[in-house]
Amino acid sequence: MSFTLATWNINSVRLREELVLKLLREEAPDVLCLQECKSPVDKIPTEGFAALGYEHMVANGQKGYNGVAILSKMPLEDMGREDFAGLGHARHVAAKLPNGVIIHNHYVPAGGDVPDREVNEKFGQKLDYLSDMARDFRNAAPKRAILVGDLNIAPREDDVWDHKKMTKIVSHTPIEIEALYDVMTAGDWLDVTRADIPEGLLYSWWSYRAKDWDTADKGRRLDHIWATSDIAASAHGSRVLRPARGWEKPSDHAPVFATFDI
DNA sequence: ATGGTAGCACAGCTA
């Protein structure tokens, strides 16, 4: 069976309901994982999604901030929500597909501006969130699983527009990159996007503050699709839907896609 | 070093 999965930080699912519908109509992934829904679960506009065939959703929501959801054409079994770092935030939800594959959808804390947990509590929370993820995967090694989301870390030199300028900028500091690779190793995860697209600059986020995001192209690859090694080899066809960053009233993130033959 | 934009919700936090 072949299925296509997309992940997208939507930056308010209620404000951008029409953009979600456009993506579902034009790209028709089997599963769409959203982050930063910024909505309680019961206020997510599911009717329009269901009308396009996405009749199934598992979600974790809160008012105003964070929030993650998995939309699917196929039935989903709710596999619960983790509160890593004990923040009380809606940053994770998991679901199982009929083929047995488990999907983890994460919104990792951004971590504030200063990359030092002694002076910036948010940076400490980000590192704690990552170490809790790693501990969880060491406790119960995931199998036949996919992990997606806005991980708020661009690990490789070619995941940012200027590696040297970025090494002290939160999202590309060595301590975060180390922590992210520790999560990856703890769970036998492989970076599907970079397995499919090993060469070259590849971004999924551009700041709203840049004058001309497209020509300046000061992007970062913050949005990831990983898979456990038992199914990673079946993945192909990865891409970033960069044009979505240029849609009317866009999210600052573009959707990332991967197709799996499982 | 600073400020630039955006969402939520209506001030100020978060990104």
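Below, chain A is the first sequence line, B the second, and so on; all start at residue 1. Values reported hereafter were calculated over all heavy atoms of this structure, with side chains retained and with hydrogens, waters and symmetry mates removed.
The separation between R245(A) atom CZ and dT5(B) atom P is 13 Å, rounded to whole Å. When rounded to the nearest whole Å, the span between CG of L19(A) and P of dA6(B) equals 14 Å. Rounded to whole angstrom, the span from the CG atom of D212(A) across to the C1' atom of dT5(B) amounts to 14 Å. Per the geometry, NZ belonging to K168(A) stands 16 Å off C1' belonging to dA1(B), to the nearest Å. With rounding to whole Å, W206(A) atom CH2 is found 19 Å from dG4(B) atom C1'.
If you take atom P in dA1(B) and the same atom in dA11(B), they sit 34 Å apart, rounded to whole Å. Of the P atoms belonging to dA9(B) and dA15(B), the separation is 15 Å, rounded to the nearest Å. With both ends at atom C1', the span from dT14(B) to dC10(B) equals 15 Å, rounded to whole Å.
Contacts of S12(A) classified as side chain to side chain donor-acceptor pair (under 3.5 Å), with partners at least two apart in sequence or in another chain: none.
Checking N11(A) against Y208(A) by side-chain atom types alone, a donor-acceptor pair falls below 3.5 Å.
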When you check every protein heavy atom under 4.0 Å of nucleotides 8-15 of chain B, what one-letter string (B, S, -) results, 5' to 3'? SS--BBSB
Result block: side-chain N/O donor-acceptor pairs under 3.5 angstrom for residues 131-149 of chain A, not counting sequence neighbours:
residue	atom	partner	partner atom	Å
S131(A)	OG	L127(A)	O	3.3
S131(A)	OG	D128(A)	O	3.1
D132(A)	OD1	R135(A)	NH2	3.4
D132(A)	OD2	A85(A)	N	2.7
R138(A)	NH2	D182(A)	OD1	2.8
R138(A)	NH2	D182(A)	OD2	3.3
R144(A)	NH2	N99(A)	O	2.9

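If you chain together ILVMFWY residues whose side-chain heavy atoms come under 4.5 Å of each other, M79(A) ends up grouped with I102(A). Alongside W205(A), the hydrophobic cluster contains L222(A) (criterion: ILVMFWY side chains under 4.5 Å). Using a 4.5 Å cut-off between side-chain heavy atoms of Ile, Leu, Val, Met, Phe, Trp and Tyr, Y65(A) forms no hydrophobic cluster with any other residue.
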